[in-house]
Structure formats: structure tokens, C-alpha cells
A.B. asks: 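First the structure, then my questions, so here it is.
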Number of protein chains: 2
Amino acid sequence: MARARSPEKRTAILEAAIEEIATSGLGAATAKIASRAGIASGTLFTYFPTKDDLLNELYLYLKLQVYARLNAGFPPKASLERRAWHIWSSYLNWSIEYPKHRNVSTQLHVSNIVTPETNRKVAQQSTVIARTMEEVAALKGMKELPGEFASALMSSLQEAAMDTIALHPKQRDEISRQAFKAYWRAVR
Amino acid sequence: MARARSPEKRTAILEAAIEEIATSGLGAATAKIASRAGIASGTLFTYFPTKDDLLNELYLYLKLQVYARLNAGFPPKASLERRAWHIWSSYLNWSIEYPKHRNVSTQLHVSNIVTPETNRKVAQQSTVIARTMEEVAALKGMKELPGEFASALMSSLQEAAMDTIALHPKQRDEISRQAFKAYWRAVR
DNA sequence: AATAAATGAGCAACCGCTCACTCATTATTG
DNA sequence: CAATAATGAGTGAGCGGTTGCTCATTTATT
């Protein structure tokens with residue numbers, strides 16, 4: 001046996017990538033990512049064989065972080081509206097707390113770097129939330145629409161809320177609550 | 001005077017850029033864009049001094065195209081719901097008809113290449129629509145929220161509809177109508 | 001004849017990635 | 001319990017290729 005790979009360095013690379021991509025876009029140089037992570041340029045490739053692999057793992061990393069947040073404190077026995085509110089507010093707060101993370105996440109989402117394989121892995125990690133969203137999709141307002149629409153609607157409404165909060169940061173909580181109300185009206 | 005610059009070549013470059021960026025991302029090479037447009041690599045720079053200029057003008061080009069579509073056939077005296085529906089359906093149909101254009105548009109939107117200057121120019125071109133959206137923003141459901149929220153909500157809801165239509169292309173019209181109903185419920 | 005568009009070879013800068021090498025860490029010996 | 005062998009992480013100069021952009025030259029338009 002020899003030296004073990006350090007998980008700290010791995011996450012340092014991922015965090016450095018977020019920072020670099022947030023400012024320079026997906027064309028951010030691997031060398032810059034490495035130097036920001038405090039390692040040599042070559043070392044990056046012992047953790048991630050190619051840049052595309054790094055970006056895919058980064059996408060996974062960001063998504064899992066969000067899901068971890070959603071699962072924390074999830075009230076499984078509360079009413080549907082309260083559970084939906086939990087999902088709503090945890091995600092929105094994460095997006096506001098880590099705007100760079102969210103920016104990189106959407107850059108990767110729009111690009112065609114993320115493989116179906118990666119998307120599959122992401123989908124596997126959301127069972128509790130997925131079930132709640134299924135219940136929402138069965139409500140009157142969503143009945144005539146395909147099942148995924150309720151989730152797509154929530155994430156898109158959150159984007160709208162984010163954009164608005166960015167312009168009126170002081171009204172953050174009020175906007176969050178009112179926007180959820182609008183969501184619930186649309187869905188019911 | 002001498003030889004005039006050809007508007008056809010200009011739009012050929014813009015259309016080629018859309019094609020290249022849709023497949024290779026914003027890192028698409030200017031040389032490839034030029035060759036797809038049927039011109040020499042250097043000629044691109046007599047039309048656009050830098051790549052960033054090209055991308056900014058491309059963003060403007062895409063946005064103006066959408067607004068032209070929205071203004072065509074706009075019923076200024078119809079009910080608010082019908083006017084909102086016109087905006088909704090024309091934009092959605094454009095997005096479905098030109099998926100690459102929309103993809104490039106959102107890539108540019110997420111990147112930080114688009115300057116405030118460009119965004120200002122875009123905002124100037126939407127007076128009729130802007131006025132309708134102001135009326136929507138005054139409705140009960142949007143009263144407690146900042147003015148921009150109603151538009152942000154529409155465009156984000158359209159994104160949700162687009163994603164869903166991509167998965168169920170046959171139900172396109174039904175999804176479009178139902179999603180608008182959901183929007184109207186949220187807004188009223 | 002005068003002007004400016006069009007060309008494409010060429011340039012410096014930068015890209016992702018490799019590779020020969022050093023070194024930290026562990027397992028295996030006597 | 002040393003001494004040593006085996007392993008693979010860590011390094012950074014450097015490679016082949018690509019990038020955005022320039023510029024001497026040619027070509028088309030007035």
C-alpha cells in the first residue's frame with residue numbers, strides 16, 4: 001500500500017472549480033482550479049481523469065449537497081402543503097446562501113457536458129422528495145399534466161423568486177412566502 | 001465609397017454562431033463559426049471586433065427575434081387574459097420551433113458575457129409586452145410581490161413547460177394550455 | 001484611381017493532459 | 001524491530017493542439 005488519496009483535496013478541487021467557473025465560465029482552466037485548490041496542476045488528474053469527469057462529479061456534488069439539505073429536517077408526517085413548503089424553502093435558502101453554487105449548477109445543466117449516467121445518479125438520491133412531489137402532481141391543478149410538471153413548476157418558480165429576491169434582498173422572506181402561495185394556487 | 005458590408009453575411013455569422021454554440025458551448029471557435037458562415041476566418045472580425053462583441057450582438061439578435069414574434073399579431077384591445085395568452089403562446093412556440101436558439105439564449109443569459117449595456121438595449125424593445133405585464137402584476141395574486149415577479153414567473157413557468165414538452169412532444173398543445181391555466185391561477 | 005471588404009497564413013497565449021520523476025506511506029521480510 | 005521493497009500520490013516542465021486575433025495582400029465596388 002501507499003499514500004491514501006485525501007478526501008479534503010478532492011473537495012478542495014471541487015470548491016475551487018465552483019469559484020473559477022462562477023467567474024470564468026465552464027472554460028475555466030484546470031491549472032487555475034488546481035492552483036486555487038493548493039495542489040499542482042498534474043495532481044488534479046489523479047483525482048479526476050479528465051476535465052469532463054471533474055465537471056460531471058462537480059454536478060453530482062452540487063446536487064447531492066442540495067438533497068442533503070432538503071432531507072435534513074424533512075417532516076414526513078406533516079400535511080402536504082407543509083412538506084411542499086419545506087422543500088420550497090430549503091432549496092430557496094440554499095440558492096440564496098450559495099449563489100455561486102447555483103450558478104455553476106445551472107451552467108452545467110444547460111451545457112451538454114452532464115451525461116445521462118450522471119443524471120441517473122442524481123435522480124436516485126431524491127426518494128423522499130420525489131414521493132411528496134408525486135402527491136402534489138396528483139392534485140386538481142396538475143392532474144391533466146404529466147407527472148414531472150409539478151417539480152419542474154416548483155424549480156422554475158423558484159428561479160423567478162430568486163431573480164426577484166436578487167433585486168429586492170430585503171423583502172426576501174416575504175417574496176419567498178408569497179411566491180410559494182402563488183405556487184400552491186397554481187397546483188391546487 | 002467602396003465595397004459595402006453585406007447584412008446577409010452578418011446574419012450568416014450569427015446563425016452559424018448559434019449552430020456552433022448549441023453543439024460546442026460558448027467556447028465554440030470563431031474560425032469554425034466563420035467557416036460555417038461561408039467566410040474566411042479573418043472576415044468575422046470586420047463584422048464583430050471581438051468574440052465578446054459577437055456574443056453580445058448575438059444575444060440581442062435572439063432577443064429581438066423573440067420580441068418581433070410577440071408583437072406580430074398582438075391583440076392590444078383584447079382582455080388581459082387573452083393578451084397574456086398571446087405572449088405566452090408566441091414565446092413558447094418560438095422556443096419549441098427554434099430549440100437551439102433558445103439554448104444559446106439561456107447559455108448567454110447564465111454566462112457573464114452579456115453586458116449591462118446589452119441588457120439595457122433588450123429592455124428597450126418590449127414596450128407593448130411590458131405594459132401588459134404591468135397589468136398582470138397588479139392582479140390580486142401578484143399585488144404583494146414586486147412588479148417584475150409576474151414576468152419572471154411567466155418565463156420560468158415556460159421553462160417548466162418546455163422541459164415537460166421535450167419529454168412529451170405529442171401533448172405539446174395540451175401542456176401549453178394547461179400550464180398557462182396554472183399560470184393564470186397563480187397570478188389572479 | 002480610391003477605398004474598404006475579403007482572405008488566410010501566421011502569431012502569441014493558452015488549453016487539457018502526459019510523463020519521468022520524487023517522496024510519503026505501508027507491507028513484507030530477516 | 002529495523003531494513004527494505006512495493007505502491008501510488010504529488011510534482012511541474014513540457015507537448016501537441018487550439019484559441020482569438022492580426023496583417024500583408026488580393027479582390028470587388030464605387
Side-chain angles (χ1 to χ4, degrees), chain A residues 1-61 104 107-108 111-115 118, chain B residues 1-61 104 107-108 111-115 118:
Chain A
M1 277 259 233
R3 212 159 160 180
R5 238 176 276 184
S6 119
E8 291 80 17
K9 264 170 200 166
R10 212 191 98 99
T11 64
I13 293 169
L14 292 169
E15 289 293 335
I18 292 166
E19 214 68 27
E20 288 294 326
I21 291 168
T23 58
S24 310
L26 294 172
T30 52
K32 283 199 175 180
I33 293 168
S35 93
R36 180 183 282 270
I39 58 166
S41 64
T43 308
L44 188 147
F45 295 94
T46 84
Y47 286 85
F48 307 97
T50 68
K51 189 185 181 182
D52 274 18
D53 282 307
L54 164 60
L55 294 177
N56 272 274
E57 296 235 40
L58 178 57
Y59 188 68
L60 202 56
Y61 174 76
V104 172
Q107 282 198 54
L108 287 167
S111 80
N112 31 17
I113 295 165
V114 178
T115 63
T118 302
Chain B
M1 275 260 235
R3 209 160 160 182
R5 236 175 278 184
S6 124
E8 290 80 16
K9 264 173 200 165
R10 210 191 100 99
T11 65
I13 293 168
L14 292 169
E15 290 293 336
I18 292 165
E19 213 67 30
E20 288 294 326
I21 291 168
T23 57
S24 310
L26 294 171
T30 52
K32 283 198 176 179
I33 293 169
S35 93
R36 181 184 282 269
I39 58 167
S41 64
T43 307
L44 189 147
F45 294 94
T46 83
Y47 286 85
F48 306 97
T50 69
K51 189 185 178 180
D52 274 18
D53 282 307
L54 163 61
L55 295 177
N56 271 275
E57 297 236 41
L58 178 56
Y59 188 68
L60 202 56
Y61 174 76
V104 172
Q107 282 198 55
L108 287 166
S111 82
N112 31 19
I113 294 164
V114 177
T115 65
T118 302

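First the proteins, then the strands, lettered A, B, ... as listed; each starts at 1.
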A.B. asks: Could you grab the distance from atom OG1 of B/Thr118 to atom OH of B/Tyr59, nearest 0.5 Å is fine?
C.D. replies: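 So the OG1 of B/Thr118 and the OH of B/Tyr59 are separated by 9.0 Å.
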A.B. asks: What is the distance from CG of B/Leu26 to P of D/dT19, rounded to the nearest Å?
C.D. replies: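 Answer to the nearest Å: 14 Å.
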A.B. asks: Atom CG in A/Leu44, atom CD1 in A/Ile13: separation rounded to 0.5 Å?
C.D. replies: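 It comes to 4.5 Å.
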A.B. asks: Return the CG to CG distance between B/Leu54 and B/Leu14, rounded to the nearest 0.5 Å.
C.D. replies: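 B/Leu54 CG to B/Leu14 CG: 6.5 Å, rounded to 0.5 Å.
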A.B. asks: Take atom NZ of B/Lys51 and atom C1' of D/dC21, then tell me their distance rounded to the nearest Å.
C.D. replies: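 Those two atoms, NZ and C1', are 12 Å apart.
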A.B. asks: CZ of B/Arg5 versus C1' of D/dT30: gap in Å, rounded?
C.D. replies: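 My rounded result for the distance is 16 Å.
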A.B. asks: Which atom names give the shortest non-hydrogen contact between A/Val104 and A/Ile21, and what distance separates them?
C.D. replies: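 Looking at all heavy atoms of both residues, the shortest contact is CG2-CG2, 3.9 Å.
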A.B. asks: Give the nucleotide from the list D/dA9, C/dG16, D/dT22 with an atom nearest to the side chain of A/Ala29.
C.D. replies: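 For A/Ala29, the side-chain atoms sit closest to C/dG16.
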A.B. asks: Would you mind classifying the nucleic acid contact of A/Phe48 as base, sugar-phosphate or nothing, using non-hydrogen atoms under 4.0 angstrom?
C.D. replies: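 Nothing, no nucleic acid heavy atom in range.
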A.B. asks: Quickly work out the A/Ile33 CD1 to C/dG16 P distance and round it to whole Å.
C.D. replies: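 In whole Å, C/dG16 P lies 7 Å from A/Ile33 CD1.
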A.B. asks: To the nearest Å, how far apart are A/Asp53 CG and C/dC17 C1'?
C.D. replies: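 Those two atoms, CG and C1', are 13 Å apart.
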A.B. asks: With the criterion being N/O to N/O and under 3.5 Å, what pairs connect the protein with nucleotides 25-28 of chain D, and how long is each?
C.D. replies:
residue, atom, partner, partner atom, Å
D/dT27, O2, B/Arg3, NH1, 3.1
D/dA28, O4', B/Arg3, NH1, 3.1

A.B. asks: Whole Å only: how far is the CG atom of B/Leu55 from the C1' atom of D/dC21?
C.D. replies: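 Roughly 14 Å, once rounded to whole Å.
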A.B. asks: May I have all residue pairs that pass side-chain hydrogen bond (donor to acceptor under 3.5 Å, both in side chains) and include part of residues 30-47 of chain B, sequence neighbours excluded?
C.D. replies: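 Every side-chain hydrogen bond (donor to acceptor under 3.5 Å, both in side chains) pair that includes a residue of residues 30-47 of chain B, provided the two are not neighbours, is B/Glu20-B/Arg36.
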A.B. asks: Name all residues meeting the salt bridge (Lys or Arg N to Asp or Glu O under 4.0 Å) criterion together with B/Glu57; count only those two or more places apart in sequence or in a different chain, and write none if there are none.
C.D. replies: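 Once residues adjacent in sequence are excluded, the partners of B/Glu57 under the salt bridge (Lys or Arg N to Asp or Glu O under 4.0 Å) criterion are B/Arg10.
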A.B. asks: Under 4.0 Å: is that the gap between some side-chain N or O of B/Tyr47 and OP1 or OP2 of C/dA6?
C.D. replies: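 Affirmative; the distance criterion is met.
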A.B. asks: How far apart are the closest heavy atoms of B/Asn112 and A/Thr23, and which atoms are they?
C.D. replies: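 In this case the closest contact between B/Asn112 and A/Thr23 is ND2-O, 3.6 Å.
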A.B. asks: Scan B/Ala34 against the nucleic acid and name what it touches under 4.0 Å (heavy atoms): base, sugar-phosphate only, or nothing.
C.D. replies: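 B/Ala34: no heavy atom of the nucleic acid under 4.0 Å.
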A.B. asks: Please list, chain by chain and in numerical order, all residues satisfying side-chain hydrogen bond (donor to acceptor under 3.5 Å, both in side chains) with B/Asp53, sequence neighbours excluded.
C.D. replies: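 Only B/Thr50 meet the side-chain hydrogen bond (donor to acceptor under 3.5 Å, both in side chains) criterion with B/Asp53.
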A.B. asks: Mind checking side-chain hydrogen bond (donor to acceptor under 3.5 Å, both in side chains) for B/Arg5 and listing every partner two or more places apart, or none if nothing turns up?
C.D. replies: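 Residues passing side-chain hydrogen bond (donor to acceptor under 3.5 Å, both in side chains) with B/Arg5: none at all.
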A.B. asks: Rounding to an integer number of Å, can you tell me how far B/Asp52 CG sits from D/dT19 P?
C.D. replies: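 Taking atom P of D/dT19 as the reference, CG of B/Asp52 is at 16 Å.
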A.B. asks: Can you sort out which residues in residues 6-18 of chain A have a heavy atom within less than 4.0 Å of DNA chain C? Ascending by number, please.
C.D. replies: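 None, since no heavy atom is under 4.0 Å.
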A.B. asks: Restricting to nitrogen or oxygen on both sides, can you table the protein-nucleotides 12-17 of chain D pairs closer than 3.5 Å?
C.D. replies:
residue, atom, partner, partner atom, Å
D/dG12, N7, A/Gly42, N, 3.4

A.B. asks: Output all residues satisfying side-chain hydrogen bond (donor to acceptor under 3.5 Å, both in side chains) with A/Ser111, sequence neighbours left out; order by chain, then residue number.
C.D. replies: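 For A/Ser111 there are no side-chain hydrogen bond (donor to acceptor under 3.5 Å, both in side chains) partners, ignoring immediate neighbours.
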A.B. asks: With sequence neighbours left out, write down each residue that passes side-chain contact (heavy atoms from CB on, under 4.5 Å) with B/Ala12, or none if nothing qualifies.
C.D. replies: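 Only B/Ala37 meet the side-chain contact (heavy atoms from CB on, under 4.5 Å) criterion with B/Ala12.
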A.B. asks: Would you kindly compare B/Ala4 and B/Lys32 by the position of their nearest DNA chain D nucleotide and give the one closer to the 5′ end?
C.D. replies: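 Final value for this comparison: B/Lys32.
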A.B. asks: Measuring to OP1 and OP2 of C/dA5, would you say a side-chain N or O of B/Thr46 lies under 4.0 angstrom away?
C.D. replies: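 B/Thr46 to C/dA5 OP1/OP2: no side-chain N or O under 4.0 Å.
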A.B. asks: Expressed in angstrom and rounded to an integer, what is the separation of A/Phe45 atom CZ from D/dG8 atom C1'?
C.D. replies: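 Going from CZ in A/Phe45 over to C1' in D/dG8 covers 18 Å.
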A.B. asks: Supply the atom-to-atom distance B/Leu108 CG to B/Leu58 CG, rounded to the nearest 0.5 angstrom.
C.D. replies: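 Taking CG in B/Leu108 and CG in B/Leu58, the distance rounds to 5.5 Å.
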